[in-house]
Engineer: 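Got a structure for you, questions after.
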Amino acid sequence: MKDVSRRTLLQSALYSAPLFTAGKLYAAPASGPRLLVVFLRGAYDAANILVPVSSDFYYDVRPTIAIKKDAALGLDRDWGLHPALKDTILPLWQQKEIAFVPFAGTDDVSRSHFETQDTIELGQPVGGSRNYQSGFLSRTAQVLSGTKPISFTTQLPLTFRGGAAIPNIALNFTGKPAVGERNAALIQAMYQGQDLAPAVAQGFQVQSEVYNTFSNEMMAANRNAVSAKGFELSAQRIGVLMQDKFNLGFVDVGGWDTHVNQGSADGYLSNRIGELGRGLVALKTALGPQWNNTLVIVVSEFGRTFRENGNRGTDHGHGSVYWVLGGSVRGGRIAGPQVAVTQANLFQERDWPVLTDYRALIGGLLGKSYGLSKAQLAQIFPQAATIDLSLV
């Protein structure tokens, strides 16, 4: 067989499989902490999700897209929640299983989606040379013992580059394995006795296992009339796999770049945030008792401009709002340093400022959840101080 044909078959074997790793699919510990980072790519408009209801300035500069005071779900005197989250995130707040950290983000002021996403995924100091083969979740996996990481993405993200091989799964996978049993057997025979043989065989084995797991799960979901679209279904799959196979995960969710017609209490952004809320609740349900051992951190590369633009949308900003949730989270509160939402307190007269650095926040959460030393945290987030907001 020609080399090009061999490469084509191998690529078909590895990249069409929903999950591939050169190692063995071990079970995650039955107990102990689990961490999932949810990355909202595109920079979501945090100010319309965690609404500064006590700010007259907010309503002055958002004449068409602001969430009205009587529509926002009251959290405390100063803050309300988008009404699309009434049946999903609000109950988590009431159960004290979620906290919001406003004015959070990075010191990257490029306002470039790609550059700032890279900044977060790498977890390295801004301004120096970047090592694109060393993501912060990869370093986390190296520091923690007994970690079984997985990326719920089509391709391995920057944050998991470096160190040992990390499996990844495409969440849009819904059908039967792309490579049938007969072709799989032929490909494995072709690599028999070669270095890649164990990897190829393991890839097909895991592909079959994941397909069977998801088939059973989807039948149960249909019986209970659970929506099978978007992140909601994906979150169910994540929960299934993080119950007993993996304990360190990453997933990205797109569609948050709302320059035009983003809407207010309803419309485009409302639909997206509603899907996210349902997905997070689906994750909790799928995890079952392991929800009490799971920490979920929701981040985005930056926030949006505080004023609405001429197209009834918002443009690239700076500070954002991060979410921290889980069964053991000390939630039901707005955490971290805050300032009044006024013109005088805007960053560069246009955006929310960053008062809580993402590396300090995530590092503090890792330190408390896993009992890591300062030296270990410095391996994960070099040259970064950590903060403890008493969320775990």
Side-chain angles (χ1 to χ4, degrees), residues 27-40 44 49-50 73 75 81-101 148-153 169 171 213-214 216-253 271-300 321-335 362 365-366 368-369 391-392:
S31 61
R34 284 156 167 73
L35 172 65
L36 176 68
V37 175
V38 180
F39 201 134
L40 306 183
Y44 86 117
I49 307 307
L50 184 66
L73 309 171
L75 301 180
L81 193 63
H82 194 290
L85 300 174
K86 179 180 180 180
D87 298 325
T88 54
I89 300 304
L90 182 61
L92 292 180
W93 171 271
Q94 294 166 338
Q95 296 158 16
K96 300 186 185 304
E97 293 182 349
I98 185 169
F100 297 100
V101 184
K148 306 302 175 190
I150 183 171
S151 182
F152 299 97
T153 54
I169 178 172
L171 289 176
T213 299
F214 288 170
N216 294 334
E217 177 232 338
M218 283 187 284
M219 285 189 288
N222 290 336
R223 184 179 301 165
N224 295 313
V226 176
S227 172
K229 69 178 181 179
F231 180 72
E232 184 171 3
L233 177 57
S234 300
Q236 294 174 16
R237 296 173 175 179
I238 292 170
V240 168
L241 290 176
M242 292 194 72
Q243 271 187 341
D244 58 4
K245 291 183 175 65
F246 301 97
N247 55 12
L248 179 63
F250 175 90
V251 59
D252 48 11
V253 183
N271 292 337
R272 300 293 79 74
I273 204 67
E275 292 168 354
L276 177 67
R278 290 191 296 272
L280 292 171
V281 170
L283 172 70
K284 172 183 175 178
T285 301
L287 280 165
Q290 292 295 358
W291 174 247
N292 292 327
N293 297 322
T294 301
L295 179 65
V296 181
I297 306 173
V298 180
V299 305
S300 195
V321 177
Y322 288 178
W323 307 14
V324 180
L325 59 157
S328 298
V329 166
R330 298 174 181 174
R333 60 194 180 92
I334 311 298
I362 298 176
L365 291 169
L366 289 173
K368 288 292 292 292
S369 297
L391 294 176
V392 292

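These numbers come from the heavy atoms of this one structure, side chains and all, not from hydrogens, waters or symmetry mates.
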Engineer: Using side chain to side chain donor-acceptor pair (under 3.5 Å) as the criterion, list what pairs up with Trp291, not counting sequence neighbours.
Structural biologist: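 Once residues adjacent in sequence are excluded, the partners of Trp291 under the side chain to side chain donor-acceptor pair (under 3.5 Å) criterion are Glu97.
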Engineer: Applying side-chain contact (heavy atoms from CB on, under 4.5 Å), run through Leu276 and Tyr44 and close with a yes or a no.
Structural biologist: CA-CA 11 Å; Leu276 177 67; Tyr44 86 117; over 6 Å; no
Engineer: List the residues meeting side-chain contact (heavy atoms from CB on, under 4.5 Å) with Ala286, not counting sequence neighbours, and say none if there are none.
Structural biologist: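 Residues passing side-chain contact (heavy atoms from CB on, under 4.5 Å) with Ala286: none at all.
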Engineer: Looking at CZ of Arg237 and CD1 of Ile169, how far apart are the two atoms once the value is rounded to the nearest 0.5 Å?
Structural biologist: 7.0 Å
Engineer: By side chain to side chain donor-acceptor pair (under 3.5 Å), which residues pair with Lys368, not counting sequence neighbours?
Structural biologist: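 Lys368 satisfies side chain to side chain donor-acceptor pair (under 3.5 Å) with Asp388 only.
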Engineer: What is the distance from atom CG of Leu85 to atom CD1 of Ile49, rounded to the nearest 0.5 Å?
Structural biologist: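 So the gap between those two atoms works out to 6.5 Å.
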Engineer: Distance from Asp244 atom CG to Arg34 atom CZ, nearest 0.5 Å?
Structural biologist: 7.5 Å
Engineer: Check Ala335 against Leu391 and note the closest heavy-atom contact, atom names and distance.
Structural biologist: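 That would be CB-CD2, 3.9 Å.
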Engineer: Could you work out, with side chain to side chain donor-acceptor pair (under 3.5 Å) as the rule, every residue matching Gln94, not counting sequence neighbours?
Structural biologist: none
Engineer: Any side-chain heavy atom of Met242 sitting closer than 4.5 Å to one from Thr294?
Structural biologist: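 Met242 does not reach Thr294 side chain to side chain.
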Engineer: How would you list, by chain and number, every residue that makes a side-chain contact (heavy atoms from CB on, under 4.5 Å) with Ser369, sequence neighbours excluded?
Structural biologist: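 In terms of side-chain contact (heavy atoms from CB on, under 4.5 Å), with neighbours along the sequence ignored, Ser369 is linked to Leu295, Val392.
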Engineer: For residues Phe152 and Val251, report the shortest heavy-atom separation together with the two atoms involved.
Structural biologist: O-CG2, 3.8 Å
Engineer: Please round to the nearest 0.5 Å and tell me the distance separating atom CG of Leu287 and atom CD of Gln243.
Structural biologist: 6.5 Å
Engineer: Any salt bridge (Lys or Arg N to Asp or Glu O under 4.0 Å) involving residues 285-295? Give me the pairs, sequence neighbours left out, ordered by first then second residue.
Structural biologist: none
Engineer: Give the intermediate values and the outcome of side-chain contact (heavy atoms from CB on, under 4.5 Å) for residues Leu280 and Thr88.
Structural biologist: CA-CA 8 Å; Leu280 292 171; Thr88 54; over 6 Å; no
Engineer: Taking the side chain as C-beta and beyond, is there a heavy-atom pair between Val296 and Val38 under 4.5 Å?
Structural biologist: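 Yes, close enough: below the 4.5 Å cut-off.
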Engineer: Show the nearest heavy-atom pair for residues Gln95 and Lys284, with the distance to one decimal.
Structural biologist: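 Smallest interatomic distance, heavy atoms only, reads OE1-NZ, 3.2 Å.
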Engineer: Go through it in stages, so that I can follow the logic: the residues are Leu50 and Ile334, the test is side-chain contact (heavy atoms from CB on, under 4.5 Å), and I'd like the CA-CA distance, side-chain angles, deciding distance and then a yes or no.
Structural biologist: CA-CA 10 Å; Leu50 184 66; Ile334 311 298; 3.9 Å; yes
Engineer: Is there a donor-acceptor pair under 3.5 Å between the side chain of Asn247 and the backbone N or O of Lys148?
Structural biologist: yes
Engineer: Taking all non-hydrogen atoms of both residues, which atom of Ala235 and which atom of Gly279 are closest, and how far apart?
Structural biologist: CB-O, 2.9 Å
Engineer: First locate atom CZ of Phe250, then atom CG of Leu36, and finally report the distance between them rounded to the nearest 0.5 Å.
Structural biologist: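 Phe250 CZ to Leu36 CG: 9.5 Å, rounded to 0.5 Å.
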Engineer: Please examine the side chains of Leu40 and Val298, heavy atoms only from C-beta on, and report whether any two atoms are closer than 4.5 Å.
Structural biologist: yes
Engineer: Minimum heavy-atom separation for Pro91 to Lys86, with atom names?
Structural biologist: CD-O, 3.3 Å
Engineer: When rounded to the nearest 0.5 angstrom, what is the spacing between CZ in Arg278 and CD1 in Ile89?
Structural biologist: 11.0 Å
Engineer: With a 4.5 Å heavy-atom cut-off, do Leu73 and Trp93 have their side chains touching?
Structural biologist: no
Engineer: Report the C-alpha distance between Leu75 and Phe100 in whole Å, list the side-chain angles of each, state the deciding distance to 0.1 Å, and finish with yes or no for side-chain contact (heavy atoms from CB on, under 4.5 Å).
Structural biologist: CA-CA 11 Å; Leu75 301 180; Phe100 297 100; 4.2 Å; yes
Engineer: Mind checking what makes side-chain contact (heavy atoms from CB on, under 4.5 Å) contact with Ala84, not counting sequence neighbours?
Structural biologist: His82, Ser270, Ile273
